[in-house]
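Computed from a predicted model, the values in this text were never measured in an experiment.
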Protein chains: 2
Amino acid sequence: MFFSKSFGYALRGVLYVSIEGKEGRKIQIEEIAEQLSVPRHFLAKIMKAVVKKGILNSTKGPYGGFSINKKTLNTKLIHLVELTDGTELFNNCILGLKNCNGKNPCPLHDEIALIRSQLLNKFGKTRVGDLTDEENVNFIKSLAVV
Amino acid sequence: MFFSKSFGYALRGVLYVSIEGKEGRKIQIEEIAEQLSVPRHFLAKIMKAVVKKGILNSTKGPYGGFSINKKTLNTKLIHLVELTDGTELFNNCILGLKNCNGKNPCPLHDEIALIRSQLLNKFGKTRVGDLTDEENVNFIKSLAVV
DNA sequence: CGAATAAAAGACATTAATATCTTTTTAAAA
DNA sequence: TTTTAAAAAGATATTAATGTCTTTTATTCG
């Protein structure tokens with residue numbers, strides 16, 4: 001309802017590497033896709049974009065894979081949304097009206113704007129590192145359970 | 001971000017008929033599509049579903065078109081969402097996890113659930129008739145402005 | 001260097017949403 | 001009853017999102 005599947009894959013992939021890749025251990029796409037039950041090649045495409053944004057590192061060749069860097073845990077969720085979905089979606093009128101905005105609001109604009117600002121606020125504050133603490137680790141590791 | 005384009009078309013179409021179809025005047029799909037700058041045949045498909053749900057009436061043939069009935073203004077927005085988008089979208093985990101729920105929540109579940117409940121609450125209370133009052137009429141009539 | 005490994009890149013396939021076009025059905029009115 | 005107008009229905013087209021497969025590039029190690 002809020003974001004694309006790609007966003008879910010991106011965040012889950014980053015979380016997996018963040019949790020399993022402590023001490024710089026490199027994690028391969030094969031393992032991530034398998035553990036998270038996510039389509040391997042599609043995930044690869046998304047991870048490539050994540051690396052390009054500098055949110056993770058990657059190295060090719062034997063013993064290569066994805067690894068965390070100093071940006072990883074500090075990355076705000078909103079940046080992952082930008083990467084996968086863009087940000088216009090936070091501004092698009094719920095009725096699809098091009099000319100709807102604060103000064104010329106559609107009948108639902110204000111209510112929707114309120115709800116959106118909460119979501120934006122949450123995603124603008126929450127960092128990847130906030131989702132990798134002890135109480136979440138168990139759940140993250142069971143991400144694959146479908 | 002929240003709902004499909006179809007939902008926007010549906011609500012705008014119903015609103016247009018509600019406002020322009022006072023005293024049972026029948027409004028034709030051609031006029032609606034033109035005034036709202038919406039693809040005619042695609043809108044027709046959606047309006048058909050709206051009629052099937054009993055939210056509007058329609059009659060074929062000369063002088064036919066879409067007209068309001070006693071359900072129209074009392075229709076809650078959530079019912080239009082159901083019609084166009086289904087309702088599972090209110091339950092789907094934002095990370096795409098099948099096994100995420102209140103008892104087994106993903107790291108974002110509770111925050112998202114809160115925001116969703118507000119949206120659900122709003123759409124479960126707001127009725128078509130609530131969006132057709134004086135202060136909104138002007139805007140509704142300019143829905144077409146793209 | 002050459003073989004093997006893993007990500008990057010790109011081509012192609014499938015699916016769902018959105019959009020268009022044509023035919024059929026219904027109803028009004030001349 | 002024929003003509004005409006309008007929605008209903010259905011077939012087809014396009015686009016964007018999602019998913020798969022193949023080739024290329026970079027890296028490690030023998």
Rounded distance in Å - [atom1] ([X]) to [atom2] ([N]):
X       : N      : atom1 : atom2 : answer
B:Leu89 : C:dA17 : CG    : P     : 11 Å
A:Glu30 : C:dA4  : CD    : P     : 19 Å
B:Asp85 : C:dT18 : CG    : C1'   : 13 Å
A:Lys26 : C:dT5  : NZ    : C1'   : 12 Å
A:Ile32 : C:dA6  : CD1   : C1'   : 12 Å
A:Asn57 : C:dA6  : CG    : C1'   : 15 Å

Charged N to carboxylate O below 4.0 Å: is that the case for B:Arg25 and B:Glu31?
yes
Backbone of [Y] reached by a side-chain donor or acceptor of [X] within 3.5 Å:
X       : Y        : answer
A:Asn57 : A:Val51  : no
A:Asn74 : A:Arg127 : no
A:Thr59 : A:Gly64  : no

Using a strict heavy-atom distance below 4.0 Å, which residues from residues 62-78 of chain B are in contact with DNA chain D?
B:Pro62, B:Gly64, B:Gly65, B:Phe66
When we call it a touch if two heavy atoms are under 4.0 Å apart, what does A:Phe7 touch: a base, just sugar-phosphate, or nothing?
nothing
Of B:Leu120, B:Leu119, B:Thr126, which meets side chain to side chain contact (heavy atoms under 4.5 Å, CB included) against B:Lys122?
B:Thr126
The test is ring pair (Phe, Tyr, Trp, His ring centres under 6.0 Å); show your working for B:Tyr16 and B:Phe66 and say whether it passes.
CA-CA 10 Å; B:Tyr16 187 86; B:Phe66 296 90; over 10 Å; no
Pull out every residue in residues 38-48 of chain A that has a heavy atom closer than 4.0 Å to any atom of DNA chain C, ordered by number, or say none.
A:Lys45, A:Lys48
Just how far is it from atom NZ of A:Lys52 to atom CE of A:Met47, taken to the nearest 0.5 Å?
14.5 Å
One should read off an interatomic distance between B:Leu80 CG and B:Tyr9 OH, to the nearest 0.5 angstrom, of 15.5 Å
Between A:Lys5 and B:Ile27, whichever has its closest DNA chain D nucleotide further toward 5' is B:Ile27
Evaluate the ring pair (Phe, Tyr, Trp, His ring centres under 6.0 Å) criterion for residues A:Phe3 and A:Phe123: first the C-alpha distance (whole Å), next the side-chain angles of each, then the deciding distance (0.1 Å), finally the verdict.
CA-CA 12 Å; A:Phe3 307 122; A:Phe123 275 61; 5.2 Å; yes
Answer yes or no: is there a side-chain heavy-atom contact under 4.5 Å between A:Ile29 and A:His41?
no
Where chain A begins and ends its contact with DNA chain D, read 5' to 3' at 4.0 Å from heavy atoms:
D:dT18 to D:dC29
For B:Lys22 and B:Ser18, the nearest pair of non-hydrogen atoms, with its separation, is CE-O, 3.6 Å
